[in-house]
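The structure appears below as structure tokens.
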Amino acid sequence: MGNSLVNTRDQKFVLYEQNGIERMFASDRYREFSREVVDMILSEAEKFAVEEILPTYEIGDKQDPAVFKDGKTYAPRCYHEPYRKYCESGWICSVAAPEFGGQGLPISINIACSELFGAANYAFLMYPGLTVGAATLIGTYGNEEQIKKYALKMFSGEWSGTMCLTEPGAGTDVGNLRTSARRLPDGTFSITGTKCFISSGDHDLTEQIVHPVLARIEGDPPGTKGISIFIVPKYRVNKDGGLGEFNDVITGNIEHKMGIKGSATATLNFGENGNCIGELLGNEREGMKVMFQLVNRARLSTGMQGLDLASVSYEHAVQYAKDRIQSRKIEDWNNPAAPAVTIINHPDVRRSLLWMKAHVEGMRAMNYFIAYCIDMERIAASEEEREKMNGFVELLTPIGKAYCSDKAVEICTLGIDIFGGYGYCNEYPMEQYLRDSKIATIYEGTNYIQSLDLVARKLGQNKGRNLINLFGEIASTIEKIKSREELRPKAVYLENALAAVGNLAKSFADWGRGPDYILPILNARPFLMIMGDLVIGWKLLQAAGIAQERLDALYREAGTDETKAHSLAQDNAEIAFYQGKVASANYFAINVLPTVAARCKCISLADKTPLEMVQESFST
Ligand SMILES: Cc1cc2nc3c(=O)[nH]c(=O)nc-3n(C[C@H](O)[C@H](O)[C@H](O)COP(=O)(O)OP(=O)(O)OC[C@H]3O[C@@H](n4cnc5c(N)ncnc54)[C@H](O)[C@@H]3O)c2cc1C
């Protein structure tokens, strides 16, 4: 089936041809999967996305967003039926282990399904997404009783979940939180405090909502080291597993937001009446460690949110450019009698579309590679392999989150431009894509915080081996594609970019040890985007190498050569697809990769103007 959300041919290219996920099916863990099974799952996901989720997209934004009325929060009415079906058909817990009722789906496949769901309506996906994240947290760190009491009902979707970190005075600085936990004689805790901006914090899709809440046990030290995590349900749970009395989790209000208006973002007051009970999850003062399992997965999902919206915006832009007739061809500029053509004929529209296409494909390849590494880490045959895969996940998670979310905003902006004035108006969904994409640069740690994580922790993690391993993979791709004459010049652009980033990473390490330690902190954000371009360039050229081989075979099969490539592509979808892959890589290599060295050079000049300027000079 065709859809206007995601290029499923490219999904399969990345899964099978680039990542080679079929080799995972030889492992014990994933032996029940095969290409046939995966194709079937993807096709069902596409059907569900298009038929059940997509119809809620505009309604949940405009006519029927989440609302707070008379002290109660309501999710969009149109979400209820798809939420029920999403749970009943097992999508909600597809990655969960069979003992939790799941199918143990590899993350690689889950992420491909989630791209379809998120492109159909990310605001909808947040309710089940956070639920399964919180359930996994309890499944991993909870005791048997907590798993039985909470996690199982969350994995089935009967109850939902959240993640509660942020407070009015503790956003980026989580360690500054004020929510407190007082020990009670029976081993539980009395929770008091306010959490704000809590996604799915309150709604009527499920009766019960289970909140993992960060709080400080009275007497514990300040900062992140003194934080513990508690399971705090909206309603207490009776011995028989049924719902008991209200647990004093009162919704103050929900936010009126720029986008994702179907997702209820609540302010929650815990223990306003001194009657809110929480159970410790894991060990005392290990709250950050526990919560980070959820946060790391949420960062991957947020990078995916960027990809989802970039993808759907691009797919719509291409379609519109093929349909919209406006202006004559440039060759006919001075001939008023010449017919107007579809806008895809105009050079700037083609350039914009190819810029979008290259980034969307590169972001897909990067995110799917992170997912693939999570899977490979789980089934690694040796400790060395496991460590290597884990290293890629650690290093690439902040890049995937921040790069994809920042680029999504640019891609969705360009998508509006392609639609002209119609893109700015709400009769088309383009403006909603832009609004819905923006939050991904802010939550799950702002993109600056991702950048700081990259330069201050991840570059040097594992004694720098993770970075060296990544550079090694990129270098081996360069060697491989250099052997192909048509790709060799592009491989050189990647090689230059790699060398420039390598030198800058060394400067960061030197600066970090000396008086200029502030420079990596000051330049973390541009550095992350440079790393993102390097990774995307690598993935696109790797894909081009594969595509070029397939093209050779297809030309041979057709009994022709590259000179007829153009006309062949018009009649053969596979040839058109692979030529498109090579074009994405060529475009990115020539137009983006050379800027990497230039941007590295800027940072190496060690400019400190933003720090040296007096505050008054920012605005007088
Ligand atoms: C729609 C929505 C949904 C959300 N969902 C959730 C949720 O489910 N659970 C949850 O716990 N939270 C959630 N959040 C909160 C979100 O994670 C925070 O908004 C975010 O972490 C930033 O915190 P803040 O808004 O207080 O901004 P601040 O921390 O005040 O930051 C403001 C700016 O200052 C910068 N800044 C702050 N400190 C530093 C520093 N040390 N160095 C450099 N720059 C710095 C930031 O990067 C940012 O640009 C959500 C927010 C929104 C808007």
Side-chain angles (χ1 to χ4, degrees), residues 60-61 65-66 68 73 122-134 137 160-179 193-203 209-215 223-224 227 229-230 232 249 251 253-268 270 287-288 290-292 294-299 301-302 305 309 398 401-402 405-406 409 435-457 517-518 520-528 610-611:
D61 179 70
F68 180 70
T73 310
Y122 195 84
F124 167 82
L125 192 62
M126 288 174 76
Y127 292 98
L130 280 157
T131 298
V132 83
L137 202 66
S160 62
T162 66
M163 54 190 277
C164 298
L165 293 85
T166 306
E167 297 181 9
T172 299
D173 188 7
V174 181
N176 199 33
L177 63 75
R178 298 179 63 175
T179 300
T194 296
K195 296 284 176 185
C196 62
F197 293 141
I198 303 307
S199 300
S200 317
D202 195 17
H203 56 83
I209 305 174
V210 180
H211 306 285
V213 177
L214 290 184
T224 49
I227 295 178
I229 187 165
F230 300 86
V232 185
V249 182
T251 304
N253 207 339
I254 66 167
E255 303 300 334
H256 301 281
K257 308 191 295 287
M258 171 183 179
I260 55 164
K261 289 172 188 267
S263 164
T265 309
T267 298
L268 299 176
F270 293 92
M288 290 305 285
V290 173
M291 186 61 109
F292 255 77
L294 180 49
V295 168
N296 273 330
R297 285 293 177 274
R299 286 182 175 171
S301 303
T302 311
Q305 178 181 2
L309 286 152
K401 190 277 184 186
S405 55
D406 267 358
V409 173
R435 288 189 288 106
D436 284 356
S437 70
K438 180 55 203 168
I439 184 57
T441 71
I442 297 166
Y443 58 16
E444 305 318 336
T446 63
N447 281 359
Y448 175 71
I449 293 306
Q450 306 304 318
S451 313
L452 196 61
D453 180 38
L454 175 67
V455 301
R457 279 189 65 227
Y517 71 92
I518 201 76
I521 292 173
L522 178 62
N523 290 294
R525 193 133 185 217
F527 180 76
L528 181 142
L611 305 177

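In each ligand, atom 1 is the first atom listed, and ligand 1 is the first ligand listed. Throughout, residue positions are numbered sequentially from 1 according to the sequence presented.
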Pick from [options]: the one approaching [atom] most closely through a non-hydrogen atom:
atom: atom 5 (N) of ligand 1; options: Tyr443, Phe197, Tyr448; value: Phe197
atom: atom 28 (P) of ligand 1; options: Thr172, Thr265, Leu130; value: Thr172
atom: atom 23 (O) of ligand 1; options: Gly171, Gly259, Ala298; value: Gly171

Check [X] against [Y] and note the closest heavy-atom contact, atom names and distance.
X: Ile254; Y: Ala264; answer: CG2-CB, 4.4 Å
X: Ala440; Y: Gln305; answer: CB-OE1, 3.6 Å
X: Tyr448; Y: Ile521; answer: OH-O, 3.0 Å
X: Pro212; Y: Ile229; answer: CB-CD1, 4.0 Å
X: Ile442; Y: Lys401; answer: N-NZ, 4.0 Å

Exercise. Can you tell me which residue and heavy atom of the protein come closest to atom 1 (C) of ligand 1, and the distance to 0.1 Å?
Worked result: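 It is Lys257 CD, 3.5 Å.
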Exercise. Any sub-3.5 Å donor-acceptor pair from Arg178's side-chain atoms to Gly193's backbone N or O?
Worked result: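 Answer holds: no.
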Exercise. With atoms numbered from 1 as shown, which atoms in ligand 1 lie under 4.0 angstrom from a non-hydrogen atom of Ile439?
Worked result: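 Contacts of ligand 1 toward Ile439, numbered from 1: 1 (C), 2 (C), 52 (C), 53 (C).
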Should [X] be counted as touching ligand 1, given the test is an N or O pair under 3.5 Å?
X: Ile260; result: no
X: Met163; result: yes
X: Thr446; result: yes
X: Thr166; result: yes

Exercise. Heavy-atom contact under 4.0 Å between Ile198 and ligand 1?
Worked result: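 Per 4.0 Å heavy-atom rule, Ile198 contacts ligand 1.
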Exercise. Looking at ligand 1, does Thr162 have a heavy atom less than 4.0 Å from it?
Worked result: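 In this structure, Thr162 fails to qualify as a contact of ligand 1 - no heavy atom is under 4.0 Å.
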Exercise. Does the protein put a heavy atom less than 4.0 Å from atom 32 (C) of ligand 1?
Worked result: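 For atom 32 (C) of ligand 1 the answer is no, since every protein heavy atom stays at 4.0 Å or beyond.
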For this session: Would you verify that at least one protein heavy atom lies under 4.0 Å from atom 7 (C) of ligand 1, or report that none does?
Result: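 Under the 4.0 Å cut-off, atom 7 (C) of ligand 1 does have protein heavy-atom neighbours.
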Exercise. Only one of Val232, Val213, Thr166 forms a side-chain contact (heavy atoms from CB on, under 4.5 Å) with Lys195, so which one is it?
Worked result: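 Filter result, single survivor: Val213.
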Exercise. OG1 of Thr224 to CE of Met288: how many Å apart, nearest 0.5 Å?
Worked result: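 Thr224 atom OG1 to Met288 atom CE measures 6.0 Å (nearest 0.5 Å).
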